[in-house]
Amino acid sequence: MSYRLQEQPFEWIDRSKTVNIEVEGRPMRGFEGDTISSTMLANGVIHMGRSFKYHRIRGPFTFANHDINALFENADKTHVRGDVELAEDGLKLKGANTIGGIAKDKFRHLSLLSRFLVVGFYYKGLFKPRFLRPFYERIIRESAGLGKVDLNWRGGRKSKRYGFCDVLVIGAGPAGMAAAKAAAESGAQVMLVDENAQIGGSLDYQYANDASVADTRSELKEAVLNNENIEVHTSSVAVGWYTDNWMPINTPNGIIKVRAEQVVMATGLFEQPSIFHKNDVPGVMMASAAQRMIARYAIKPCEVAAMVVANEDGYRAALDLLKAGVKINAIADLEDHEDRGDLAKQVKAQGVQIYDHHGIYEVEGKDRVTSATLCPLNASGELDTSRKTTVPCDGVMMSVGWAPATHMLFQCKADIKYDATIGQFRAQSLPEGMFAAGRVNGVFDIKDQIADGAGAGQQAAAAAKGESADVQRPEPTKVRQSHEYPIFSHPKAKNFLDYDEDIQLKDYINAAKEGFDNIELIKRFSTNGMGPSQGKHSNMNGIRILAKHTGKSIDETGSTTARPMFHPTPVGHLGGRRFRAERVTPMQESHVAHKAVFMEAGAWLRPEYYDTEATRTESIHAEVNAVRTGLGIIDVSTLGKIEVFGPDAPEVMDRICTMRMSNMKIGMTRYALVVDEAGVITDDGVVVRYADDHFYYTTTTGSSDPAFRTLQKQILEWGLKAEAVNRTGQLQAMNLAGPLARQKLAPLTDIDLSEEAFPYLAARTGTMYGKPVTLARVGFVGELGYEIHCLSGDAAEIWDNLLRDCADAGIRPFGVEAQRLLRLEKGHVIVTQDTDGLTNPYEAGMPWAVHMKKDFFIGKRSLEILKPLQARKLMGFMFPESYSGGTPKECHLLIKDGELNGRITSVSYSPTFNRYLGLAYVDDMNANVGDAVNVRLDDGALVEAELVSLPFYDPEGKRQTCDVDGTEEKVA
Amino acid sequence: MKVIDCPHIGKRPMSEFVYGHEVREMPKPSEASDKEWADYVFSRDGAPGVKKEWWHHVPSGIWFVFERDTLTDKFIRLVDIAEVQYEL
C-alpha cells in the first residue's frame, strides 16, 4: 500500500526523478527530495526502528528529527537520521539499535520485563553479588548504546570555516524570513540558517492551506532567496551560542564558526506529546508531524485518525488531514473547542465528533495503533476512567502544546521565565546583540509572527550600525497554546515521557520520590532528555511533572542547563581538518639529505639523530664519538634569540637572570639562568654582551615566546629605558664542536680564533663565507666549540659549506639525542627534564649561578627563604661497567631501606665511559659522592649505582682548549 | 569566543591574546616578611570584581593593560601603562 497523495502545493519532492534505496534488504522507491523516512512511508513501511531500552517498535513521531525513532546505520555512518537525511539513490541501511533487524530484533520482547528494569536498575539490581558484576557488565555493554561504532573509520573529517555577518538569523520560518528580509533591506549583511532542507518553516506545512498568507509567503521567499545581502544555509543547525555571538553552524559540509554582530533567534517551537498508555505505538504522532508528511512529502499519515488537542493548531492540523482524505473519528479537546475560534467550528462543520474536556487515556495496537480510548477530564484535570469512549483509528495525532527552542537564549543568559498565559518559557529581556522573534518569543498569530520578525530584523540591522530603530513589535499572544498537564497515568504504564530512553511516567515520578527531586538531579538519574534528542520532546513535560510532584511552580522547578551543542554534532565536524604548525629551520633540506630522523620539540621539528648506522643507538654513539674525537655540528636554530637594547639594558638583564650581567665585559658571554618569583628554574641560555647597552640572549627551544613576553612586560612594569626584540625567526644558529673545531674553522672566517684573541666564553662578530656572523665560544657539549649565529637567509649556505669544507675532518651532523648525551656527560642540566615545577638552583646543584649580592633579581627573595630549606640535591651516578641487567630509565626511583629516596631525571648509556650514567635527585642532604644508591628498575630489581662527582667528563674543562695545550687524547 | 575591543588595534578575538595575570605591585623584597612575601608569590585574589589585567596581543607583540569586570567578563577600559608602573 502506498501512502503517497496527489501533488501538494509546496512539496519538497521532484516527482520526475525516482530514487531507489534498500532498508534491511527491502527495496524502496521514492522521489528526489524524499527523506529516508518519507520514502519508507511512501512504500507502506511505518516501522522505522526499535527503542533504546525495551526495543519497542517505533514509527514516525515528530518527523522533524526531534526524536530518534528513525535511526539507521550504514557502512559509512553510525547514525543516519531518517527524518532529515535524503534518500539518495543506492543507499543501503539497517536499523541502528537492533540485533537481527527492525522486525525480528532479538530483544523485541524485552518490554515484558520492564517491571524489573526500573530506573536505576543498574545500581540497584546489578550491584550484588559482586562476582556477577563482570557478567552484568558484558550484558549491559552489549545492549547499551545506539549502533555499532566502526573502529576502523577514518574518513569524514570536515573543514571548519569562518563566517562573519552583521545579522545572523536562526530559523527560516515566517519570523526568520521576515527578519532576514528586513535586516538586509536596512543594509545589513545577513546570514540565514535553517535546519530544514528548504526555507519556509511552518508557513509551508502548518499554514500550507491558509490562503491569507499566500502572497506573503511568495514575497518573503523571493526576497530571501534573491537578496544578495542574504546568505542562506539550509540543512544547517546553529548548535550553540558562545560569548560575543560566536556561533557554530553545523552544515552538511562541516562547521561554520560565525561571528555575528547581532543575532535574531527565530528558532520556533518543538511540538510536545501528550502522555498516555502506549503513546509510542506506530501511528501515534505529533499533529505537526502529520502536517509535515502531507505538505512536504505528500504522504497520507493514516486512513482514520483520532486526535487529542489543546490549541487552535490542532484544528488547523485536523483540517489538513481532512483535506488529505483522512477520516477523523474523534477529537478529544482537553478544554472546550468553543474557545478555539473559527478553525474548530470549520472542523465541526465537516461532521467531526469533538469531545470537549476529554483526553486520550490509552490506545490499542501492537504493530500499529488500532483504536484510541477517550475519557472525560474531571475538575482536578485527571481522566475519569469510568466513562470510556473507544474509537477505531490507525493514526493518533497530538496537538497539546509546544516547547520553545530557547536553548541558545538560555546560553546567552537571557532572562527566561515561564509565561503561564501562553504556557511556555519566554525571554523577558535579552542581552545586548540578541533578539528573539516569532513563536519562540511568544508571538503566535501568523501575521504577528511576520511583523515581529520584520521588527527584530530592523532593530538588529540598526544595532549592527550602532544605532537604534524605533519599531513597534507585536505583543505576545494572550491565548494559551500549551496545556499545563497533558499527562495521564495508567495502571499498565507504557506511557512514555522520553522516547529515546523509554522513560515512563511512573519511572520519572519514582525517581522524584527517591529524592532526585531537583530538575538537574532527576535528569541524570532518570536519564530524561539525555538521549540524542536532547530533551526536545521530553524536557518540557519533565518539568511539568516534577513541578506538579513537588508542588512548585514551573519557574521554581526551572529547566535543565542548556549546554552547547544543543543538537548532536558529528565528531568529524568537531575534529575538523588537522592544522598543526610545524616549524623547520633553513637547514631542513640538508637534514633530510643526511637521513635525519625527526622529533618534535615544541612546534619545531628537530633531527633526533641521523640514521647512518645499523641501529639508532649506534648512530647516536657514532655522532657522540665524532664530537669527542673529531668534529660535529648541530643545528641549534630552534633556540630562542632575544636582543635587549637601551641604557637600562644591563639593569634589565640583572633583574631577569640570577647571575650578574651588568659587570660582564663587552665581547663576553655568560650562562643565563632564569627563575620565577617562587625561585623555580624556568629557563636557561647564554647571554652575549655586544655593547654597554646591547645584550643578546638565547632561551631554550620553545621558551622564546614566554621568555620574550616576560621580558617585555617587566621592562614596562618597571618603567625601564630598554627595548626587547624577539629575533628567533630572523637568526639561526649552529654549534661546531670537537677538538678539530678551531683548526677547521679558522681558515673559513675573518675572525681571529687564536686563544689570546678569542678565549673561552668570548663572543666575536665578523664574517664567514662573506656572511655576517657572531661566534660564541661556549661550553655546550664540553668540547672546544663555536656557536655560529647568522641571518636566516645565510644559514643553509653556511651549514652546507661547513659540511663540505670540514668533510676531510670527518665532520658529522649530530642530533638532539647525541647532544643530550654529550651534555649529560658534562653534567649539564636540561631545564624541564632535570628540573620540575619546584626545582630551585640550589637543588639543581647550581648555587654558583645565583649571585645573591645583587640588589634584586626575580626570585631572589624566594631563594633566600628556600636556601636553608633544601631537602634534595641533583647528583651524578654511574652503573658499574660490568652491569648487564635491565635498562635504567628516567623516573626510576632510588630506594633506601625500602623507602623512596630519590628519582632519576636523566640516564643514558655513555659510549665515552662504556656504562650507564645519569642524574638523579637524592632526597638526602647527607648523601655524598662515593655512596651507593639502589635504583629500582621496571621489573622491580634493585641495582646498586655509585654517586659520583660532576661533571663525569673532563672535570677540569681542559677540552675547551685541547688543541693548544696538548690534551688531544681522549680524556675518559 | 570573546572579542576584545581595544582602542589601538580594534576588535580582535581573544585567542590572539595571552593572559598575563592581574596587575599586582610587588612588595619591597627587602622589607617584606617571609609571610608577606609568600603571600605575594602564591596567593591570588579570585573574588570577582573590576580588575586590571595584563593582556599580550601576540600578532602585534604589544602588551596592554585592561580593566575588566571578572564577574560580567566586560572589558571596561584600556589602562595607561604609567598607572601600573612601580619602582623597585
Side-chain angles (χ1 to χ4, degrees), chain A residues 162 164 240-248 257-261 413 431-433 642 648 651-652 654-655 675-680 705-706 708-720 723-729 852 854-866 868-869, chain B residues 1-5 10-44 52-65 68 71-75 79-88:
Chain A
Y162 294 89
F164 300 89
W241 180 92
Y242 296 86
T243 309
D244 291 343
N245 291 341
W246 175 240
M247 298 188 67
K257 301 190 212 175
V258 176
R259 174 76 72 185
E261 289 287 332
K413 307 244 168 9
E432 221 173 279
I642 297 167
D648 286 335
E651 181 66 22
V652 171
D654 269 356
R655 292 186 187 187
V675 300
D676 64 14
E677 281 188 322
V680 174
D705 289 346
F708 173 65
R709 280 199 296 271
T710 304
L711 198 59
Q712 253 191 326
K713 178 167 160 242
Q714 291 309 141
I715 290 170
L716 284 173
E717 201 168 7
W718 292 328
L720 295 176
E723 201 60 61
V725 181
N726 188 352
R727 303 199 65 194
T728 303
M852 279 301 198
K854 274 197 291 185
D855 286 343
F856 174 81
F857 61 84
I858 293 174
K860 182 190 171 202
R861 182 73 178 84
S862 294
L863 289 177
E864 283 170 356
I865 299 170
L866 289 168
L869 301 176
Chain B
M1 190 206 309
K2 201 164 176 55
V3 170
I4 298 178
D5 192 356
K11 287 183 180 180
R12 309 300 312 170
M14 188 180 250
S15 58
E16 290 184 3
F17 290 82
V18 171
Y19 177 59
H21 303 284
E22 192 181 344
V23 170
R24 300 184 315 144
E25 189 169 330
M26 185 175 67
K28 291 254 181 296
S30 53
E31 292 165 16
S33 69
D34 286 3
K35 195 170 181 306
E36 284 163 351
W37 184 257
D39 185 56
Y40 163 71
V41 171
F42 295 111
S43 303
R44 299 290 184 276
K52 292 192 183 90
E53 296 168 330
W54 289 95
W55 290 86
H56 186 254
H57 186 242
V58 177
S60 64
I62 303 173
W63 275 105
F64 295 102
V65 175
R68 181 173 73 104
L71 184 67
T72 59
D73 200 16
K74 286 255 184 310
F75 282 70
V79 177
D80 188 340
I81 298 287
E83 277 183 50
V84 303
Q85 279 173 347
Y86 60 87
E87 302 227 340
L88 284 182

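Order of the sequence lines sets the chain letters (A, B, ...), proteins ahead of strands, with each chain counted from 1.
Atoms CG and CE, from A:N245 and B:M1 in turn, are 13.5 Å apart once rounded to the nearest 0.5 Å. Atom CZ in A:R861 sits 14.0 Å away from atom NZ in B:K28 (nearest 0.5 Å). With values rounded to the nearest 0.5 angstrom, A:W246 atom CH2 is found 13.0 Å from B:M14 atom CE. Within the model, atoms CD1 of A:I865 and NZ of B:K35 stand 12.0 Å from one another, a figure rounded to the nearest 0.5 Å. Separation of atoms CG (A:D244) and CG (B:D73) is listed at 8.0 Å; rounding is to 0.5 Å.
Contact of B:V23 with chain A is not made at all, since no heavy-atom distance falls under 4.5 Å. Both the backbone and the side chain of A:L716 come within contact range of chain B, with heavy atoms under 4.5 Å apart. Using a 4.5 Å cut-off between heavy atoms, B:V84 contacts chain A through its backbone alone, with no side-chain atom that close.
More than 12 heavy atoms of other shown residues, nucleotides or ligands fall within 6.0 angstrom of atom CD in B:E25. Residue A:Y162 qualifies as open at atom OH: its count of foreign heavy atoms under 6.0 Å is 12 or below. By the neighbour-count criterion of 12 heavy atoms within 6.0 Å, atom CG of A:D855 is sparsely surrounded, having that number or fewer from other residues, nucleotides or ligands. In the displayed structure, B:E83 atom CD is contacted under 6.0 Å by more than 12 heavy atoms of other residues, nucleotides or ligands.
If you tally non-hydrogen atom pairs under 4.5 Å between each of A:Q712, A:E677, A:K713, A:E864 and chain B, the highest count goes to A:K713. If you tally non-hydrogen atom pairs under 4.5 Å between each of B:V41, B:I81, B:L88 and chain A, the highest count goes to B:L88.
The pair B:K11-A:E261 meets the salt-bridge criterion, since a charged nitrogen lies less than 4.0 angstrom from a carboxylate oxygen.
Here the closest non-hydrogen pair linking B:Q85 and A:G719 is NE2-CA, 3.5 Å.
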